[in-house]
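Data first, discussion second: the structure below is written as structure tokens.
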Amino acid sequence: MIVTLVIVCEVAFWVLLAAGLTARYLLKMPRTGLALLLCEPLLEVLLFAVTAIDLKNGAEPDWKHGLAAVYIGFTVGLGHSMIKWADAHFAHRFAGGPPPVKPPKYGFARAVHEWKVAGRWILAAVVALALLQAAIWYVGSGGETESLRTWQSRMLFVIGINLLIPLGYTVFPKKAPYGYAEKTPYAEKSALPTRDPEHVPDIFVGGTRKDEQ
């Protein structure tokens, strides 16, 4: 039952997201759209409640309960960013909104971006770890908790990977190719020299120096 509920929650997440964005942008019903999007956290509450009741009724904790804890953790850590991503793309595609901002590719800006992404994944893993530990304490020393501890080990692995990736971009920043400039509001279109007359230094006019005319 737990696995089925996890699948139902995942499907319902995307259904509510699509319905909320459709109401917000296509049907011009922003309040209805917001209400639908605010229903997303209720899915995690439902899954948490059913899992807790299942354990309370004497079910032996196994990988299914661990999966539920991990799903809740990752929804908490990544759900908001997924909704923002979908909202930006939906607004651009159907409501004339600006193009979604692409993440930076090089240098310090790329490292900062990678740390932000890693932070969301680490938050997800930490929430999952906490829920798994709560389940272990709930079952007590007399119960079988090996499957829950296995999930905890996997979450520690996720945290380790998400520390190494941004650390690599920080210590060994990815260098931009010559002439490349990030497309930001403050970036130049190109760092390469140009023959455009508007970019010729004003001390030169017609091949001679101004002070020589």
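Index from 1, following the sequence.
Minimum interatomic distance between V127 and G73 (heavy atoms only, all atoms of both residues): CG1-CA, 3.6 Å. Nearest heavy atom pair, residue F90 against residue L21, reads CE2-O, 3.5 Å. The shortest heavy-atom contact between G77 and L123 is CA-CD2, 4.1 Å. Minimum interatomic distance between V70 and A128 (heavy atoms only, all atoms of both residues): CA-CB, 3.8 Å. Across all their heavy atoms, A69 and L132 have their closest contact at CB-CD2, 3.8 Å. The minimum heavy-atom distance between A23 and L36, with the atom names listed, is CB-CD1, 4.4 Å.
Within 6.0 Å of CZ on F108 lie no more than 12 heavy atoms contributed by other residues, nucleotides or ligands. Counting non-hydrogen atoms of neighbouring residues, nucleotides and ligands closer than 6.0 angstrom, the NE2 atom of H80 reaches no more than 12 such neighbours. A 6.0 Å sphere centred on OH of Y138 holds more than 12 heavy atoms belonging to other residues, nucleotides or ligands.
Checking side-chain atoms of D54 against main-chain N and O of V50 turns up no donor-acceptor pair under 3.5 Å. The main-chain N or O of A86 is never found under 3.5 Å from a side-chain atom of H89 such that the two would form a donor-acceptor pair. The backbone N or O of G97 sits less than 3.5 Å from a side-chain atom of H92, completing a donor-acceptor pair.
No option in V6, T51, V3 other than V3 meets the side-chain contact (heavy atoms from CB on, under 4.5 Å) test with K64. Screening E114, K116, R110 against V112 for a side-chain contact (heavy atoms from CB on, under 4.5 Å) leaves a single residue, K116.
Put simply, OG on S147 and CD1 on I136 are 8.5 Å apart, with the number rounded to the nearest 0.5 Å. Rounding to the nearest 0.5 angstrom, the gap separating the OG1 atom in T32 from the CG atom in L37 is 11.0 Å. The distance from atom CG of L47 to atom CD1 of I2, rounded to the nearest 0.5 Å, is 6.5 Å. Taking CG of L17 as the reference point, atom OG1 of T22 lies at 9.0 Å (rounded to 0.5 Å).
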Please lay out, stage by stage, how E10 and Y71 fare under the test side chain to side chain contact (heavy atoms under 4.5 Å, CB included). CA-CA 9 Å; E10 179 65 12; Y71 177 82; 3.1 Å; yes
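With contacts defined as side-chain heavy-atom distances shorter than 4.5 Å, the pair L67/W151 qualifies. Between Q133 and Q152 there is a side-chain heavy-atom pair separated by less than 4.5 Å. Proximity of M155 to I159: side-chain heavy atoms (C-beta onward) are nowhere separated by under 4.5 Å. By the 4.5 Å heavy-atom criterion applied to side chains, L43 and V8 are not counted as neighbours. Contact annotation: the side chain of Y25 never approaches that of P30 to less than 4.5 Å [non-hydrogen atoms, C-beta and beyond]. Annotation: side chain of L131 is in contact with side chain of I72 (closest heavy-atom distance under 4.5 Å). At least one side-chain heavy atom of F13 sits less than 4.5 Å from a side-chain heavy atom of E40.
A salt bridge links D87 and R24; the closest N-O separation between the charged side-chain nitrogens and carboxylate oxygens is under 4.0 Å.
Under a hydrophobic-cluster definition in which Ile, Leu, Val, Met, Phe, Trp and Tyr are linked whenever side-chain heavy atoms come within less than 4.5 Å, directly or via other members, W63 and I7 are assigned to the same cluster. In the hydrophobic clustering of this structure, L148 does not group with L55; members are Ile, Leu, Val, Met, Phe, Trp, Tyr whose side-chain heavy atoms approach within less than 4.5 Å, directly or through other members. Both F74 and W14 sit in one connected hydrophobic cluster of ILVMFWY residues. Membership requires side-chain heavy atoms under 4.5 Å apart, directly or through other members. Hydrophobic clustering (ILVMFWY, side-chain heavy atoms < 4.5 Å, transitive): I83 and L26 are in one cluster. Under the 4.5 Å side-chain contact rule for hydrophobic residues, L16 and W85 do not share a cluster.
For W115 and T170, the side-chain atoms include at least one donor-acceptor pair closer than 3.5 Å.
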